[in-house]
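One structure is given below, encoded as structure tokens.
Predicted, not measured: the structure shown is a model, and the values here were computed from it. This chain uses plain numbering: 1 for the first residue, then up along the sequence.
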Amino acid sequence: MPRSETVETVYDHLDFVHALNVYLNAFAGASTYALRKGFHEAGVDDNQILMFSELMDAESLFLTANADTVYFIGHC
């Protein structure tokens with residue numbers, strides 16, 4: 001039989017894991033929503049392709065963009 005402190009620690013850990021799962025599962029949806037909103041603000045309607053006319057640089061708002069890649073993104 002585990003001690004009451006051990007049981008409390010396990011439940012605290014489970015609470016943390018469940019909260020982390022909620023965050024990780026919601027992050028993709030929030031990111032997709034923000035991308036779609038940004039597309040609309042840039043004048044790109046649904047079912048259109050956005051193609052960047054210049055390469056990315058240090059001022060780009062993409063966390064992992066390469067400076068030598070031409071990017072295009074489609075959404076529906």
Side-chain angles (χ1 to χ4, degrees):
M1 185 81 179
R3 296 182 314 158
S4 61
E5 295 86 12
T6 303
V7 171
E8 185 176 335
T9 300
V10 169
Y11 279 118
D12 287 345
H13 179 71
L14 285 172
D15 289 342
F16 174 78
V17 169
H18 290 151
L20 180 61
N21 281 330
V22 167
Y23 171 78
L24 292 175
N25 290 330
F27 187 80
S31 179
T32 301
Y33 174 79
L35 281 170
R36 186 168 185 263
K37 182 178 175 188
F39 274 41
H40 287 159
E41 289 175 2
V44 180
D45 292 326
D46 291 339
N47 299 314
Q48 289 185 334
I49 301 292
L50 172 65
M51 184 166 183
F52 294 88
S53 59
E54 298 177 8
L55 296 175
M56 301 289 172
D57 59 16
E59 295 180 9
S60 300
L61 297 177
F62 290 82
L63 294 177
T64 59
N66 296 320
D68 58 354
T69 302
V70 176
Y71 285 92
F72 68 97
I73 304 171
H75 82 94
C76 33

Once you round to the nearest 0.5 Å, how far does CD of Glu5 lie from CD of Glu8? 7.5 Å
Residues passing the side-chain contact (heavy atoms from CB on, under 4.5 Å) test with Val22, sequence neighbours excluded, are none
Atom pair NZ (Lys37) and CD (Glu41), whose distance is rounded to the nearest 0.5 Å: 5.5 Å
Within-4.5 Å side-chain heavy-atom neighbours: His13 and Thr9: no
Among residues at least two apart in sequence or on other chains, which ones pass side-chain contact (heavy atoms from CB on, under 4.5 Å) with Tyr11? Val7, Leu14
I need the minimum non-hydrogen distance between Asp45 and His40, along with the two atoms involved. CA-CD2, 4.4 Å
Under a single-linkage rule joining Ile, Leu, Val, Met, Phe, Trp and Tyr whose side-chain heavy atoms are separated by less than 4.5 Å, which residues share a cluster with Met1? none
Under the side-chain contact (heavy atoms from CB on, under 4.5 Å) rule, collect the residues that match up with Leu20, sequence neighbours excluded. Phe16, Leu24
side-chain contact (heavy atoms from CB on, under 4.5 Å) filter on Asn66, not counting sequence neighbours, yields Asp68, Thr69, Tyr71
Tyr23: which residues meet the ring-ring contact (aromatic ring centres under 6.0 Å, His included) condition with it, sequence neighbours left out? Phe27
